[in-house]
Amino acid sequence: QVQLVESGGGLVQAGGSLRLSCAASGRTFSSYAMGWFRQAPGKEREFVAAITYDGTGTRYEDSVKGRFTIARDNAKNTVYLQMNNLKPEDMAGYYCAATGRRALTTRADQYGYWGQGTQVTVSS
């Protein structure tokens, strides 16, 4: 079992930055690929970024490439999402998720563990 708790969301002006954190419980964190997803009101949950279990591989949704960076610290059981140059269209609830395997995936249905989410609001 893995429990995930996100933090770091908030209100930021367009062009600003936020760093989201996701703290995981359980000794299996370092064995799992992790991902970030987001969901805006009235829209489906969408993939944002993912990272392999050891941090050597990452993948990003096209609209965030070059602006967002996913990273992990297995010693701290934490995964991060650094978000720079935020845009109003980035405004959403952001969710951390853990797979049950080492390889990363962009598919939400392949993540078995989810956090409660943290809200990111971007003012224009």
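Between the side chain of Arg72 and the backbone N or O of Thr78 there is no donor-acceptor pair closer than 3.5 Å. With Arg59 contributing its side chain and Ala49 its backbone, the two residues share no donor-acceptor pair below 3.5 Å. Side chain of Asn74 to backbone of Tyr53: a donor-acceptor contact under 3.5 angstrom is found. The closest donor-acceptor contact from the side chain of Glu61 to the backbone of Lys65 lies at 3.5 Å or more, if one exists at all.
Annotation for Pro88 and Ser124: closest pair CG-CB, 3.8 Å, computed over non-hydrogen atoms. For the pair Phe29 and Ala24, the tightest heavy-atom approach, listed with the atom from each and the gap, is CD1-CB, 3.3 Å.
Looking at Ile70, Thr99, Thr52 one by one, the single match for side-chain contact (heavy atoms from CB on, under 4.5 Å) with Leu104 turns out to be Thr52. Partner Tyr80 forms a side-chain contact (heavy atoms from CB on, under 4.5 Å) with one of Ile51, Asp73, Thr69 and no other, that one being Asp73.
A heavy-atom distance below 4.5 Å is found between the side chains of Gln39 and Tyr95. Two residues are said to be in side-chain contact when any heavy atoms from C-beta on lie closer than 4.5 Å; Met91 and Gln119 meet this criterion. A heavy-atom distance below 4.5 Å is not found between the side chains of Met83 and Trp36. Under the 4.5 Å side-chain criterion, counting only non-hydrogen atoms from C-beta, Phe47 is not in contact with Arg107. Between Phe37 and Tyr111, the closest side-chain pair of non-hydrogen atoms falls below 4.5 Å.
Residues Tyr94 and Tyr60 share a single hydrophobic cluster, defined by chaining ILVMFWY side chains whose heavy atoms lie under 4.5 Å apart.
With sequence neighbours excluded, no residue satisfies ring pair (Phe, Tyr, Trp, His ring centres under 6.0 Å) with Phe68.
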Point to revise | Verdict with reasoning, Asp90 to Lys87, per salt bridge (Lys or Arg N to Asp or Glu O under 4.0 Å) | key: CA-CA 5 Å; Asp90 295 319; Lys87 303 176 180 181; over 6 Å; no
Exercise for review: Could you check Gln3 against Trp114 for side chain to side chain contact (heavy atoms under 4.5 Å, CB included), going step by step and ending with a plain yes or no?
Suggested key: CA-CA 7 Å; Gln3 293 184 324; Trp114 293 84; over 6 Å; no
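In this structure, Glu46 CD and Ser63 OG are separated by 6.0 Å, a value rounded to the nearest 0.5 Å.
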Which donor-acceptor pairs under 3.5 Å do the side chains of residues 4-23 make with protein atoms, sequence neighbours left out?
unit_1 : atom_1 : unit_2 : atom_2 : d
Glu6   : OE1    : Gln116 : N      : 3.1
Glu6   : OE1    : Gly117 : N      : 2.8
Glu6   : OE2    : Cys96  : N      : 2.8
Glu6   : OE2    : Gly117 : N      : 3.2
Ser17  : OG     : Asn84  : OD1    : 2.9

